[in-house]
Structure formats: structure tokens, C-alpha cells
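What you see below is based on every heavy atom in this structure, not just the backbone, and it leaves out hydrogens, waters and symmetry mates. Sequence lines set the chain letters: A, B, ... in the order given, protein chains first and strands last, and positions in each chain run from 1.
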Amino acid sequence: MRDLLAGLVRDALADAIAAGDIALAEVPEVFLERPRDPSHGDWATNIALVSAKAAGANPRALADAIASRIAGHPDVAAVEVAGPGFINLRLSDAALQRVVEQVRAEGTDFGRVDPGRGRRVQVEFVSANPVGPMHVGHGRWAALGDSMARVLAHAGWIVQREFYVNDAGVQMDIFAKSVAARYLQKCGRDVAFEDTWYQGAYIAEIAEEIFAAEGSVWADAEPSAREAHFREKAYAQVLEHLKHVLHRMGVDFDVWFSERSLHAPGPTGRSEVDIAMDMLRGAGHLYEKDGATWFASTAFPEYGDDKDRVLVKADGELTYFAADIAYHADKFARGFDRVINIWGADHHGYVARMKAACAALGYPGQLDIVIGQMVTLLRGGEVVRMSKRTGEMVTFEELLDEVGADAARYFFLRRSTDQSLDFDIGLAKEQSSENPVYYVQYAHARICSILRKAAGAPDADEPAAAVAARVTGGEADLSLLSDPAELTLIRKFAELPEVVEMAADQLAPYKLTRYAEDLAATFHQFYTVCHVLSDDPALTAARLRLVDASRITLATVLGLLGVAAPERM
RNA sequence: GCGCCCGUAGCUCAGUAGGAUAGAGCGGCUGCCUUCUAAGCAGCGGGUCGGGGGUUCGAAUCCCUCCGGGCGCGCCA
């Protein structure tokens with residue numbers, strides 16, 4: 001719709017130039033924007049203001065010359081010049097009424113746009129260490145990453161979701177030691193449990209399960225063999241649990257990428273980390289100093305890292321960053337045009353070096369890192385304190401248990417990622433008007449109820465889409481949809497493609513929660529003003545189509561958010 | 001000290017590449033169910049956009065500076 005109008009303005013401008021009414025060498029690019037004030041129309045352009053200087057004319061005269069050439073177009077109900085020279089455009093009812101059938105024809109494909117143009121993007125998110133339960137921050141990244149993937153897919157990208165499994169390194173060793181120690185305690189051995197080990201009760205639970213399954217056979221085993229065994233057992237168990245919890249919130253990954261695979265020797269005997277470092281060294285990005293190997297991160301000032309970074313420590317050990325570079329080399333080698341990482345705010349200090357490294361690998365500007373700010377849990381207005389060290393925390397799983405997947409997802413998604421999130425547990429649980437999740441879902445349930453009623457089977461369990469198909473068969477005269485509430489609702493449908501485009505461009509799914517609430521509100525208003533099922537068959541038929549288009553649009557938005565669209569509440 | 005994020009109504013937050021009179025939800029007050037779900041709708045109040053400078057036709061938005069809050073600044077992972 002926006003493109004259509006922008007085309008009209010452009011043509012009008014070109015005509016005016018050709019006719020000599022406007023003295024411009026070429027037709028400038030036309031931008032349309034949504035006026036804040038609906039009384040200014042559906043779309044506005046400041047093209048006359050922007051071009052005034054170059055054309056040597058006053059903006060209003062320019063605007064008049066353009067506007068007079070648009071007036072009378074069947075899709076345009078009004079074109080006005082306002083203020084200093086804005087051109088305001090209002091769509092005709094006929095143009096709007098066409099949108100209803102467009103929505104119904106496209107179904108859940110409605111709102112698709114194509115800035116991605118079939119390119120491949122990978123979204124990596126959560127990537128929690130598989131050494132313990134996820135905290136609520138992981139829940140936020142999970143909701144964010146998954147919804148972002150859905151939005152990008154709706155915007156023409158081919159998307160892959162990936163979870164990076166940190167199954168190598170010191171954390172795993174400590175984890176293994178922790179579980180082994182709890183196991184030995186279970187076997188009645190008196191062993192020291194160090195402060196730096198994992199304190200959480202889940203460690204003992206895992207030890208207990210291993211004890212239950214295998215008995216005390218490991219009590220007298222050689223310590224390194226015991227630890228290795230416990231590492232694998234415990235890690236596999238935690239990883240399964242992570243998958244399970246994420247799945248409960250509707251988040252499923254295409255790839256679980258093992259950090260270990262980066263360290264394992266390949267066919268040539270060299271690991272991926274070796275190969276990535278060879279590549280960097282060959283390109284002159286590495287140097288030796290103080291017995292360590294460094295990456296010259298500051299050679300990429302555009303990414304703003306303030307110092308060079310060690311990849312191989314003086315003791316010969318690799319840093320985490322070295323593995324991360326190899327990991328990103330692997331990602332790009334898999335053919336993604338673009339890679340997106342979602343990280344917590346506590347990792348923002350790594351952004352510059354990681355982008356510099358990707359540039360050094362030959363993929364400048366192809367890595368986007370979204371930094372999500374922290375989550376604070378509130379209960380009854382009080383901050384819920386979390387401490388990983390003492391093992392006392394509200395985990396993501398406990399939050400899911402308490403508020404449910406839909407509320408959790410919706411609340412996680414509702415805020416800009418730049419904004420730290422206060423998650424009010426009480427509010428998320430509340431089934432009332434204060435809770436935006438229910439507000440939106442209720443609109444959908446209401447719609448389905450109307451459709452069932454129209455079908456004469458208010459209590460049937462038939463899916464709403466099937467019911468809708470039955471009650472909207474035959475012909476309908478959509479020009480009967482002329483009530484302001486009806487036209488406002490249609491205008492709201494027409495915004496979806498723009499919202500999707502913006503949410504994809506800005507990697508900001510929260511835009512969709514705002515839209516969902518707007519759309520639900522607009523529907524509720526329509527519902528209050530316009531009775532759908534009446535003794536006027538023609539009007540009823542037209543309104544049922546409008547209701548069906550509302551159902552489709554709402555369900556599509558909820559689908560992009562990953563929140564259920566209940567047909568009954 | 002340096003870097004990133006934030007500061008907008010009583011509270012929680014939007015504000016779309018600088019645009020027209022700064023918006024929404026919640027809370028408060030007042031109305032609306034014999035009719036498709038009242039988990040809904042309508043109305044009323046509520047603001048020096050943290051302070052101060054600057055850029056221009058125009059600034060919540062861009063620049064500088066100061067104040068306040070969060071996070072981070074390892075040859076840790």
C-alpha cells in the first residue's frame with residue numbers, strides 16, 4: 001500500500017517536472033511516513049519540503065503541483081497540502097476493502113515481505129553453559145532469538161537457529177569435579193567440596209541419579225577416569241534438560257554446535273582452531289609477544305576494540321576467544337550471508353573483538369551482535385535476588401512452571417532489547433485486563449467464538465479456520481464495510497507488512513507485541529460498535545469476512561511471537 | 001578512569017532514518033452487559049521529554065557538556 005502511494009507521488013512529481021511546473025533536474029526519492037495524527041490522513045510525505053531549496057520554489061507551491069496530479073485517483077480519497085508543505089494522503093474505502101480479501105487470500109503468509117531476498121542467516125542464541133540450569137536471562141534470549149528467527153523468515157530470509165554448546169574447557173572440568181564429589185559423598189566418602197565448585201542442589205541430584213543407576217562402582221575408580229565418566233554423564237543429562245525446558249517455551253534449535261568439535265583434529269590432523277589461526281596468521285593478523293600469541297584487534301579501529309587479544313597463552317593453552325574465532329569461521333564457511341549473535345549485556349565487552357575477528361577472517365560487517373539487557377524478577381513489587389554462586393536463584397524453568405510459556409514469552413518479548421527488563425511474576429500470572437497477553441489472546445478467542453456462533457455450532461471443537469471457511473463461503477459485498485470502526489480495523493491489518501519489515505530490519509520483535517496489542521484493541525473497539533451477526537445477511541456476510549481477516553492477522557502476529565492463539569478462553 | 005545501555009505522565013514503557021498539538025498500558029475517578037465472550041468498550045484527569053549549551057525552517061530524536069542508574073573493562077570461561 002505504501003509502495004503504491006509512493007509510486008503515485010513519484011509519478012505526479014515526474015509529470016510536474018516534465019510539464020515545467022517544478023524546476024528539478026531529476027525526480028528525488030519519495031519517502032512516505034505515517035502521520036502521528038490520524039486526521040492528517042493515512043500517509044504523508046515531506047517531499048515538497050525536502051525539494052524546495054533545490055527547486056527554488058516555496059514548499060507549498062511544490063506540494064500543490066504534486067497534489068493536484070494525484071487527486072482523483074480511485075485509491076485515494078483525499079490529498080491535501082498542510083502545514084509548511086506536507087502532502088497528506090488518505091486511502092479510499094475501496095482500496096481498504098481490497099485488503100480484507102488480500103488477508104484472507106494470503107492467510108498466514110499475510111505480512112510477508114522480502115528484504116531478505118532468500119539469503120541465509122544464522123541466529124545463535126541462548127548458548128548457555130551445559131553445567132546447570134538456565135537463569136531467567138536465558139529465557140529472554142530464548143524468546144528473543146526464536147521470535148527474531150520467525151520474523152526474519154517472514155521477511156524473506158532463510159533462517160537457521162543454533163545453540164553453541166560449551167562442552168569443552170575449564171567450566172566442564174569444574175562441573176565434573178563437583179558432581180563427582182557429591183557422588184563420593186553419597187557413597188559415604190569424606191571429600192572436600194571446594195568453594196569454587198558448583199554449589200547448586202541440582203549437582204547433588206545429578207550425582208544421586210548416577211548413584212541410583214550405577215551404584216558405588218566409581219567410588220574407588222581412578223580419579224581422572226571417574227571425572228571423565230561423570231563429565232559425560234552429567235553433561236548429557238544437563239543438555240537434555242536444557243533442550244526440554246527450551247522446547248516447553250516453543251524454542252527448538254536446528255543445530256547444537258559442539259565446542260569440542262573445534263578442537264578435534266580433522267582429516268589433515270589440524271583442528272578447526274588450528275586452521276582458523278593459520279588463516280589469521282597467514283593474513284598477518286597475529287603476532288607473538290611475551291610468549292603468547294595475540295590477535296591484532298586494534299588493527300580494525302572501525303570496531304573499536306581498545307587492545308589486542310591473546311589467543312594462545314604463554315602456557316600454551318588456548319583462550320576462549322580462540323575457540324570463538326574458529327567457531328565463527330565455521331559459521332561463515334557453512335555459507336551464511338549473515339550471522340546474528342544474541343548476547344547478554346554482561347558480554348558486551350566482547351562485541352568489538354568478535355567483529356574485528358570476523359573482519360580479519362574475511363567477513364567484514366556480516367556479523368550482527370544483539371545485546372540484550374538484563375532481566376530483573378519482581379514478586380509483589382520486591383526484587384527477587386539471584387545468586388549463581390550460592391546456587392539460590394529462580395531458574396528459567398521455575399519461571400516457566402509458574403507463569404506458563406505464553407506469558408513468559410510475551411513478557412520477555414515486550415520490551416526493547418536495549419531496555420533492562422522488569423519481569424513482574426504476579427502480573428504475568430494474572431488473568432485480567434492488566435495482563436497484555438490475555439488481552440491479545442482474548443481478542444482471538446472472541447473472534448473464534450463469533451465464527452462458531454455464525455456456523456450455528458458454538459460448542460463445536462472444529463478448528464476456527466475450518467469454521468471460517470464455511471461461514472464465509474459465497475459472495476459478499478465488501479463495500480458495505482464503511483463504518484469508521486471497520487475501516488480503522490482494516491487500516492490496522494495493512495500495517496502488518498510494515499511492522500514485520502521494521503522488526504526484521506531492527507532485529508526488534510518487541511515491535512510486534514505493540515502491534516499485537518494495537519490490533520487487539522482495534523478489534524475490541526470494532527466488536528463493541530459493530531454487531532457482526534445481524535438480520536441483514538449482506539452486512540453479516542461482509543463483516544464475517546472482516547472478522548476472519550482479523551483472526552488471520554492476529555494469529556499471524558501471535559505466531560511470529562511464538563505465543564498461542566487460543567480459540568476459546 | 002574508559003566503553004556500552006538507560007533517564008519521556010504517579011508506575012511500566014513506545015515514539016518508526018529530525019517533522020505537524022509528545023503517545024499507550026496500568027493505577028485513580030465516571031459511565032456501559034435481556035443482543036456475537038465485560039479477560040471487553042467509552043470518557044475524565046495527568047508532562048520544564050534528567051539539567052545546560054549548540055546545529056536548522058523545525059530537536060524527545062543529531063553534536064558537546066554535566067548529573068543520575070545498570071552492565072562491562074583478564075594470558076577468566
Side-chain angles (χ1 to χ4, degrees), chain A residues 31 33-37 39-40 44 46 49 52-53 59 82-86 88 129 131 166 168-172 174 289-294 304-307 309-321 323-324 344-352 371-374 376 378 381 414-422 424 427 430-443 445-454 458 498-499 501-503 505-506 508 510-511 513-514 517-518 520-521 523-534 540 543-544 547 568-569:
Chain A
F31 291 107
E33 58 189 14
R34 293 273 189 187
R36 276 191 224 295
D37 184 343
S39 73
H40 293 141
N46 62 356
L49 292 168
K53 198 175 279 181
F86 292 102
N88 294 333
N129 267 330
V131 295
N166 294 117
V170 178
Q171 298 278 13
M172 282 306 279
I174 297 173
K289 190 181 82 176
D290 302 334
T293 302
W294 297 70
D305 201 3
D306 56 344
K307 57 184 78 161
R309 303 294 171 177
V310 171
L311 299 187
V312 186
K313 297 187 265 179
D315 64 6
E317 290 288 315
L318 293 167
T319 61
Y320 186 85
F321 185 44
D324 245 348
D346 52 343
H347 285 79
H348 78 255
Y350 279 75
V351 172
I371 294 298
Q373 297 296 316
M374 297 303 183
T376 305
L378 298 176
R414 200 157 177 249
R415 297 285 174 240
S416 155
T417 49
D418 287 341
Q419 196 73 240
S420 61
L421 178 69
D422 289 332
D424 186 326
L427 177 58
E430 198 161 328
Q431 305 202 357
S432 77
S433 59
E434 294 174 43
N435 190 333
V437 191
Y438 288 96
Y439 181 80
V440 175
Q441 291 184 320
Y442 181 63
R446 250 188 170 175
I447 287 168
C448 295
S449 176
I450 295 171
L451 294 171
R452 285 192 298 269
K453 185 98 174 184
E498 302 153 39
V499 176
E501 187 168 349
M502 196 181 307
D505 181 57
Q506 299 178 17
Y510 79 92
K511 304 256 179 202
T513 63
R514 298 194 65 80
E517 287 165 47
D518 270 1
F523 179 80
H524 286 313
Q525 286 154 15
F526 156 76
Y527 175 93
T528 305
V529 176
C530 299
H531 208 84
V532 177
L533 307 176
S534 68
T540 298
R543 284 185 172 165
L544 276 172
V547 167
R568 231 181 261 281
M569 285 174 77

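Remark: the separation of the P atoms in B:A59 and B:G52 is 15 Å, to the nearest Å. Nucleotides B:G27 and B:G45, compared at atom C1', are 13 Å apart to the nearest Å.
Of the side-chain N and O atoms in A:Tyr510, one or more sit less than 4.0 angstrom from OP1 or OP2 of B:G15. Checking the phosphate oxygens (OP1, OP2) of B:C41, a side-chain nitrogen or oxygen of A:Tyr439 falls inside 4.0 Å. Side-chain N/O atoms of A:Arg514 include none lying less than 4.0 angstrom from OP1 or OP2 on B:G15. At the phosphate of B:G74, OP1 or OP2 sits under 4.0 Å from a side-chain N or O atom of A:Lys307. Remark: A:Lys453 is not in phosphate contact with B:U35, judged by side-chain N or O atoms under 4.0 Å from OP1 or OP2. Within the structure, every side-chain polar atom (N or O) of A:Thr528 is placed at least 4.0 Å from both OP1 and OP2 of B:C41.
Shown here, B:A42 forms a base pair with B:U30; the pair counts as Watson-Crick or G-U wobble because both key distances fall under 3.5 Å. Remark: B:C11 base-pairs with B:G25; criterion is Watson-Crick or G-U wobble with both hydrogen-bond distances under 3.5 Å. Base pairing of B:C71: its partner is B:G3, meeting the Watson-Crick or G-U wobble criterion (both donor-acceptor distances under 3.5 Å). Remark: B:A20 base-pairs with no nucleotide; criterion is Watson-Crick or G-U wobble with both hydrogen-bond distances under 3.5 Å.
The base of B:A20 is paired with the side chain of A:Asn88 by a donor and an acceptor separated by under 3.5 Å.
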- [ ] Assess whether side-chain contact (heavy atoms from CB on, under 4.5 Å) is satisfied between A:Val351 and A:Ile371, documenting all intermediate values.
- [x] CA-CA 9 Å; A:Val351 172; A:Ile371 294 298; 3.8 Å; yes

TODO: Go through A:Phe523 and A:Phe526 one step at a time and tell me if the ring pair (Phe, Tyr, Trp, His ring centres under 6.0 Å) criterion holds.
DONE: CA-CA 5 Å; A:Phe523 179 80; A:Phe526 156 76; 5.7 Å; yes

Protein N or O to nucleotides 42-45 of chain B N or O, pairs below 3.5 Å:
unit_1 : atom_1 : unit_2   : atom_2 : d
B:A42  : OP1    : A:Gln525 : NE2    : 3.1

Below 3.5 Å between N/O atoms, which protein atoms pair up with nucleotides 16-18 of chain B? Just atom names and distances, please.
unit_1 : atom_1 : unit_2  : atom_2 : d
B:U16  : O4     : A:Arg34 : O      : 3.1

Please tabulate, one pair per line, each protein N/O and nucleotide N/O from nucleotides 4-9 of chain B that are separated by under 3.5 Å, including the distance.
unit_1 : atom_1 : unit_2   : atom_2 : d
B:C5   : O2'    : A:Asp418 : O      : 2.4

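Nucleotide B:A14 carries an anti base; the chi torsion (O4'-C1'-N9-C4 or O4'-C1'-N1-C2) is more than 90° from 0. Base orientation of B:C71: anti, the glycosidic angle falling outside 90° of 0.
Contact check on A:Arg414 versus A:Glu517 returns a salt bridge, with a Lys/Arg side-chain nitrogen under 4.0 Å from an Asp/Glu carboxylate oxygen. Checked for salt-bridge contact, A:Arg514 and A:Asp518 miss the test: no charged N lies under 4.0 Å from a carboxylate O.
The shortest distance between side-chain heavy atoms of A:Asn166 and A:Met172 does not fall below 4.5 Å. Side-chain contact between A:Arg452 and A:Arg568 is present, with heavy atoms from C-beta onward closer than 4.5 Å.
Per the geometry, CD belonging to A:Glu517 stands 11 Å off C1' belonging to B:C13, to the nearest Å.
The residue among A:Ala168 and A:His531 whose nearest nucleotide of RNA chain B lies closer to the 5′ end is A:His531. Residue A:Gly349 is the one, among A:Gly349 and A:Val310, whose nearest nucleotide of RNA chain B lies closer to the 5' end (criterion: closest heavy atom).
With 3.5 Å as the limit, one finds a donor-acceptor pair spanning the side chains of A:Arg446 and A:His524.
Atoms CD and CG, from A:Glu33 and A:Asn46 in turn, are 5.5 Å apart once rounded to the nearest 0.5 Å. Here the straight-line distance linking atom CE of A:Met502 with atom NZ of A:Lys511 works out to 6.0 Å at 0.5 Å rounding.
Judged by ring centres under 5.5 Å apart and planes tilted less than 30 degrees, A:Tyr442 fails to stack against the six-membered base ring of B:G40.
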